[in-house]
Amino acid sequence: MSVAVLGGGAFGTALAISIAQVRPVILWARNAQDWTDRQSPRLPDAPVPDAVALTGDLKRAIGADTLLFAVPMQSLSGLLAAIPETLQGKALVACCKGIDLRTGQGPAHRLAETKPEATAAILTGPSFATDIARGLPTALTLACADDTVGQALQTELSTPNLRLYRSTDVAGAELGGALKNVIAIASGACMGAGLGDSARAALMTRGFAEMMRLALHFGARTETLAGLSGLGDLALTCTSPLSRNFRFGEALGRGDTPDATMTVEGKATARAALDIAERAGLSLPITTAVHAISTGQTSVADAIQGLLARPLKEE
Ligand SMILES: NC(=O)C1=CN([C@@H]2O[C@H](COP(=O)(O)OP(=O)(O)OC[C@H]3O[C@@H](n4cnc5c(N)ncnc54)[C@H](O)[C@@H]3O)[C@@H](O)[C@H]2O)C=CC1
Ligand SMILES: O=C(CO)COP(=O)(O)O
């Protein structure tokens, strides 16, 4: 089975580097012609090996049997629109984290709705691209509703440093990976504002409660949220400055201007999560606060004060 990664950013490039250890892989980057020394502008110091066929030809890439979609969540529909071809019988693996603002769908559901002739899956979990590219041990969740396809993908995409755990809970994996980025912004804002580790622990814990509340409403399984794609990724992203969502929140907490060139999935995800929560009649106070600080509607100090002043309730 041939594999192609669509998206030459940090994560797509890192995945291609790792997969190239076990099989030839195509890496499609829309700006491949601008790369220097086979290095992604988004992942410097990690040249792709010769086992990676780097191309700017999308038609060549989608000829592979397994396609990994590693573009930012809000760009996924645009990429799919650039692929009018039928993808009959292929496996489409979403490698992005978020909720589509227009449809309220997670990435695997976007793939499934747009390309019903193919089988959709999602690859998500605690993994910095730089760690994967360096060959450091990483564990991810590979979720596919069709467990037979899931088993095949698990075998096909596991590498010496990429250990994949299989699940059939696509909704849970999608929402865990999406919502953890929102809480990571809150965690960064908390640390940037100097509120301390105890406050961060409270935000992570209550943020996980919001993740569970929303995900279980959409049929997710508790064990999925308590696994790599939920709690695992939450722990990683809320505690490391390698996280762009964390750094974005940290800058806001410090009163600095965040780096506008970074992909920060949690900003759009906060808005999208509030839209689906409102329709579901669910309260997400931390997500609400993150949206407010991310859009400049309130300061971090006022947002934290607002959370502390909420009516007392049972845990
Ligand atoms: N960077 C990381 O450590 C990890 C990232 N992810 C996820 O991977 C997804 C991609 O993020 P990164 O690679 O980190 O972002 P990035 O900012 O490093 O790269 C994004 C890439 O997507 C390309 N792109 C954007 N719109 C496109 C379009 N319409 N068509 C084709 N290419 C397009 C850009 O040119 C860029 O090369 C995100 O959802 C992120 O949450 C998941 C795990 C780890
Ligand atoms: O998803 C990631 C780690 O699992 C990458 O986190 P950031 O998008 O916050 O950099």
Side-chain angles (χ1 to χ4, degrees), residues 4-18 27-35 39-44 46 48 54-58 61-62 67-83 93-100 106-108 110 122-134 136 138-141 162 173-174 176-188 228-251 258-269 272 290:
V5 178
L6 308 183
F11 195 44
T13 303
L15 287 172
I17 290 171
S18 190
L27 174 60
W28 172 77
R30 63 178 176 180
N31 60 354
Q33 69 282 357
D34 300 330
W35 286 28
Q39 294 191 62
S40 167
R42 294 284 182 165
L43 193 66
V48 296
L54 179 62
T55 182
D57 181 354
L58 184 56
I62 63 172
L67 305 181
L68 277 63
F69 289 78
V71 295
M73 180 67 225
Q74 306 309 325
S75 299
L76 180 61
S77 292
L79 175 54
L80 288 166
I83 305 174
V93 184
C95 300
C96 36
K97 299 177 178 178
I99 301 170
D100 182 74
R110 286 302 300 139
I122 183 167
L123 180 65
T124 187
S127 61
F128 288 129
T130 50
D131 290 345
I132 295 175
R134 287 170 55 198
L136 299 179
T138 305
L140 294 175
T141 298
L162 207 52
E174 280 184 324
L179 299 172
K180 65 87 182 178
N181 283 326
V182 177
I183 310 308
I185 291 175
S187 176
L228 292 163
S229 57
L231 181 60
D233 213 352
L234 179 71
L236 176 75
T237 319
C238 286
T239 59
S240 172
L242 283 179
S243 159
R244 296 158 303 183
N245 286 278
F246 180 91
R247 295 204 303 273
F248 171 79
E250 188 179 43
D259 176 356
T261 66
M262 290 191 305
T263 293
V264 182
E265 293 281 22
K267 291 186 288 185
T269 301
V290 167

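Order of listing sets the numbers, starting from 1, for every ligand and every atom in it.
- At under 3.5 Å, not a single nitrogen or oxygen of T237, backbone or side chain, sits near a nitrogen or oxygen of ligand 2.
- Looking at G125 next to ligand 2, an N or O pair under 3.5 Å apart turns up.
- The backbone N or O of I99 lies less than 3.5 Å from a partner atom in the side chain of Q74, making a donor-acceptor pair.
- Scanning for side-chain contact (heavy atoms from CB on, under 4.5 Å) contacts around S229 gives T124, T141, A173, T224, with sequence neighbours left out.
- With sequence neighbours left out, E250 forms a salt bridge (charged side-chain N to carboxylate O under 4.0 Å, His left out) with R254.
- Looking only at heavy atoms of the protein, atom 6 (O) of ligand 2 is closest to K180 NZ, 3.6 Å.
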Table of N or O contacts for ligand 1, cutoff 3.5 Å:
| from | atom 1 | to | atom 2 | distance (Å) |
| --- | --- | --- | --- | --- |
| ligand 1 | 1 (N) | R244 | NH2 | 3.2 |
| ligand 1 | 3 (O) | A129 | N | 2.8 |
| ligand 1 | 8 (O) | C95 | O | 3.3 |
| ligand 1 | 13 (O) | A10 | N | 3.2 |
| ligand 1 | 13 (O) | F11 | N | 3.0 |
| ligand 1 | 14 (O) | R244 | NH1 | 2.8 |
| ligand 1 | 14 (O) | R244 | NH2 | 3.0 |
| ligand 1 | 17 (O) | R42 | NH1 | 3.3 |
| ligand 1 | 17 (O) | T263 | OG1 | 2.5 |
| ligand 1 | 18 (O) | A10 | N | 2.9 |
| ligand 1 | 26 (N) | S75 | OG | 3.1 |
| ligand 1 | 35 (O) | R30 | NE | 3.2 |
| ligand 1 | 37 (O) | G9 | N | 3.4 |
| ligand 1 | 39 (O) | K97 | N | 2.9 |
| ligand 1 | 39 (O) | E265 | OE2 | 2.6 |

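- If you look at T263 next to ligand 2, there are no close heavy atoms at all, none under 4.0 Å.
- Remark: R110 engages E113 in a salt bridge (charged side-chain N to carboxylate O under 4.0 Å, His left out) (not counting sequence neighbours).
- Ligand 2 is approached by S127 to a heavy-atom distance shorter than 4.0 Å.
- Residue-level proximity to ligand 2 for S243 is carried by backbone and side chain together, each with a heavy atom below 4.0 angstrom.
- Within the 4.0 Å heavy-atom shell around ligand 2 one finds K97.
- Nearest protein heavy-atom contact of atom 8 (O) of ligand 2 is R244 NH2, 2.9 Å.
- Shortest contact from atom 4 (O) of ligand 2 to any protein heavy atom: D233 OD1, 2.6 Å.
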